Amino acid sequence: MTMDFRTNLVAEIPHLRRFARSLCGDASLADDLVQDCIERALKKSHLYDVTKPLRAWLYAVLRNIHVSNWRSNAKHQNAKSVDDLYDGEGSTRAEQEDNFSTNLITEALDKLPAQQREVLVLISLEEVSYKDAAEIIGVPIGTIMSRLSRARSTLQNILEERGTTFLRRVK
Amino acid sequence: MKMFETVENWALHAFADGELEGEDKKAVEKLLLENEEARKALAAIIYQKSELHKAFDGTLEELIPASLLTAAYGRPSMRILPYLVAACAVGLFLIGGSVGWLAGQSNVNSGQILITSLAQRALIAHANYSAEPRHAVEVAAVDKDHLQAWLSKRVGSDFTIPDLQSDGYTLLGGRLLAESNAPAGQLMYENADKQRMSIFFSANTEGKLTDLKLEQKDKLVTCFWRDAKLAMAVTADISNDQMKVLGSTIFAQVEGRHGVYER
């Protein structure tokens with residue numbers, strides 16, 4: 001274990017925290033996830049291919065832990081099917097406009113199926129390439145693209161359903 | 001929006017995500033000029049992205065929780081200590097020298113753990129913030145007087161920001177670091193080659209005074225000491241010899257006397 005690896009790992013922590021938070025929503029669960037990721041990354045550092053970006057490898061490590069937690073814990077299975085998306089949960093509006101849109105996007109994320117959510121945040125938030133996303137998740141690029149378009153479509157439906165004025169705002 | 005799911009519009013996603021080049025990119029640009037639906041879909045993608053960044057980018061600016069730094073840097077004592085205890089139990093304590101060495105390595109000695117952690121805190125803080133092109137400091141050098149008063153107050157000891165202009169380092173500014181035990185300040189300087197150097201300081205809660213000491217981690221080296229009030233560390237990506245000179249200079253300016261390096 002070189003100190004270089006640790007230093008580079010520490011430099012990636014802010015991005016790992018953002019990725020984890022966007023994956024599981026809850027800040028303290030997210031930091032637990034990052035901690036597990038750091039520990040596993042240190043244990044498995046010999047498996048890291050130094051010719052590739054460290055961040056993408058760490059995203060894969062973190063994502064694998066998240067998926068196995070998610071599978072083993074029924075509590076985390078809060079991803080709903082598309083049919084459940086319009087069940088009239090839309091009455092809790094935040095009072096402030098800023099919070100309103102932030103809450104809206106995080107609430108909408110919570111309603112995405114997990115497979116769509118991870119692709120969406122990797123690409124729309126973490127800005128990894130389609131190729132890296134495919135490697136991180138372990139599926140072909142075509143699958144990434146179809147999950148991405150479905151995720152964006154679902155998200156857009158939720159946002160529009162909730163009456164957001166995005167079209168006015170972006171003009 | 002049904003149009004997000006059509007095969008033709010995959011190109012629009014790829015365009016929004018910076019995946020297209022050359023002819024493919026031009027084709028989408030042409031589509032955007034001609035087709036209002038495509039423009040709306042692109043606007044929606046961009047809007048979603050900006051909302052996601054708005055909701056989560058705050059995390060990037062937060063200080064890294066101590067638990068995560070501990071996870072990354074580890075605690076050698078936790079792994080070595082059981083062996084040390086076992087060694088003592090079977091009477092290896094007769095070889096006093098080796099046990100002493102082990103104790104030093106494993107931070108069992110309480111004096112050692114504090115000094116190691118001062119250097120480590122400074123190294124971590126430097127590694128974290130010197131790499132930030134835009135957010136290296138919280139308060140810029142233009143507000144130097146305010147910075148000095150603020151950090152003195154928060155750290156709990158009057159502190160004068162060293163002027164290192166004649167040593168080639170210009171003050172960029174400083175920040176308050178949220179430390180688990182006590183607040184600490186960090187001053188960031190830069191030389192003409194844009195190389196950064198930082199001064200870390202927090203209250204010397206141990207009361208113990210030390211000489212100058214160097215510690216290295218990868219390319220970074222830190223020179224640190226404790227005076228009657230403060231624990232201080234100067235950190236930069238320079239050679240040990242250069243740091244010895246710089247550390248002495250700053251020590252002399254802060255302490256008003258010549259410093260001695262511990263060996």
Side-chain angles (χ1 to χ4, degrees), chain A residues 1-4 6-7 9-11 13-22 27 30-32 34-39 41-42 98 101-106 108-109 120-121 123-125 127 129-131 142 145-146 148-157 159-160 164 166-167 169-171, chain B residues 1-14 16-20 39-74 123-128 130-132 135 216-220:
Chain A
M1 175 68 48
T2 65
M3 274 317 263
D4 254 346
R6 283 185 206 272
T7 310
L9 176 61
V10 168
I13 291 178
H15 279 93
L16 291 174
R17 293 183 75 216
R18 182 176 68 177
F19 179 43
R21 208 173 287 187
S22 65
D31 277 346
D32 288 348
V34 174
Q35 182 160 347
D36 290 346
C37 169
I38 291 169
E39 284 164 6
L42 288 170
D98 275 357
S101 69
T102 299
N103 289 345
L104 195 57
I105 194 86
T106 52
L109 264 190
L120 181 83
V121 299
I123 289 166
S124 275
L125 179 65
E127 286 162 9
S129 67
Y130 291 179
K131 186 172 160 286
M145 292 187 69
S146 68
L148 177 67
S149 66
R150 266 182 287 138
R152 282 175 172 160
S153 173
T154 312
L155 199 62
Q156 203 55 29
N157 283 336
L159 293 175
E160 287 178 10
T164 181
F166 84 94
L167 282 175
R169 287 183 200 204
V170 294
K171 267 183 185 167
Chain B
M1 253 188 213
K2 273 279 181 291
M3 64 173 306
F4 276 173
E5 301 186 44
T6 60
V7 175
E8 299 77 43
N9 278 304
W10 283 3
L12 210 52
H13 291 278
D17 297 321
E19 295 274 335
L20 296 186
R39 284 198 295 275
K40 273 188 189 170
L42 181 66
I45 293 171
I46 293 169
Y47 174 73
Q48 288 184 8
K49 284 187 180 216
S50 77
E51 286 296 296
L52 284 168
H53 280 286
K54 219 159 81 185
F56 294 104
D57 280 1
T59 317
L60 296 181
E61 306 295 326
E62 286 173 17
L63 284 169
I64 299 172
S67 58
L68 297 182
L69 291 176
T70 307
Y73 285 107
L123 284 162
I124 292 167
H126 184 87
N128 269 338
S130 64
E132 286 282 346
H135 305 292
Q216 204 176 346
K217 184 166 77 74
D218 306 328
K219 288 177 182 166
L220 294 181

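As a basis for the values below, the full set of heavy atoms in this structure was taken, side chains included, without hydrogen atoms, waters or symmetry mates. A, B, ... follow the sequence lines: proteins, then strands. Residue 1 opens every chain. Worth saying up front: this structure is predicted, and the values here are computed from it rather than measured.
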Main chain of B:Asp57, side chain of A:Arg18: is a donor-acceptor contact present, judged purely on distance under 3.5 Å? no
Mind checking the [atom1]-[atom2] spacing from [X] to [Y]? Nearest 0.5 Å is all I need.
{"X": "A:Gln156", "Y": "B:Gln48", "atom1": "CD", "atom2": "CD", "value": "4.5 Å"}
{"X": "B:Asp17", "Y": "A:Ser129", "atom1": "CG", "atom2": "OG", "value": "10.0 Å"}
{"X": "B:Leu68", "Y": "A:Asp31", "atom1": "CG", "atom2": "CG", "value": "5.0 Å"}
{"X": "B:Tyr47", "Y": "A:Ile105", "atom1": "OH", "atom2": "CD1", "value": "7.0 Å"}
{"X": "B:Thr59", "Y": "A:Leu125", "atom1": "OG1", "atom2": "CG", "value": "8.5 Å"}
{"X": "A:Thr106", "Y": "B:Glu51", "atom1": "OG1", "atom2": "CD", "value": "10.0 Å"}

Turns out that what part of A:Gln35 lies under 4.5 Å from chain B's heavy atoms comes down to both
Okay, A:Leu16 and chain B: the region with an atom under 4.5 Å from a heavy atom over there is neither
Between [X] and [Y], is any pair of side-chain heavy atoms under 4.5 Å apart?
{"X": "A:Ser22", "Y": "B:Leu52", "answer": "no"}
{"X": "A:Ile123", "Y": "B:His13", "answer": "no"}
{"X": "A:Val121", "Y": "B:Phe56", "answer": "no"}

Checked B:Glu62, B:Glu61, B:Lys49, B:Glu19 vs chain A; the most non-hydrogen pairs under 4.5 Å come from B:Glu19
[X] versus [Y], closest heavy-atom pair with distance:
{"X": "A:Gly142", "Y": "B:Trp10", "result": "O-CH2, 4.3 Å"}
{"X": "A:Leu42", "Y": "B:Ala72", "result": "CD1-O, 3.6 Å"}
{"X": "A:Pro14", "Y": "B:Ile64", "result": "CD-CD1, 4.1 Å"}

Scored by heavy-atom pairs under 4.5 Å with chain B, the best of A:Arg21, A:Met145, A:His15 is A:Arg21
When the 4.5 angstrom heavy-atom criterion is applied to B:Ala131 and chain A, the contacting part is neither
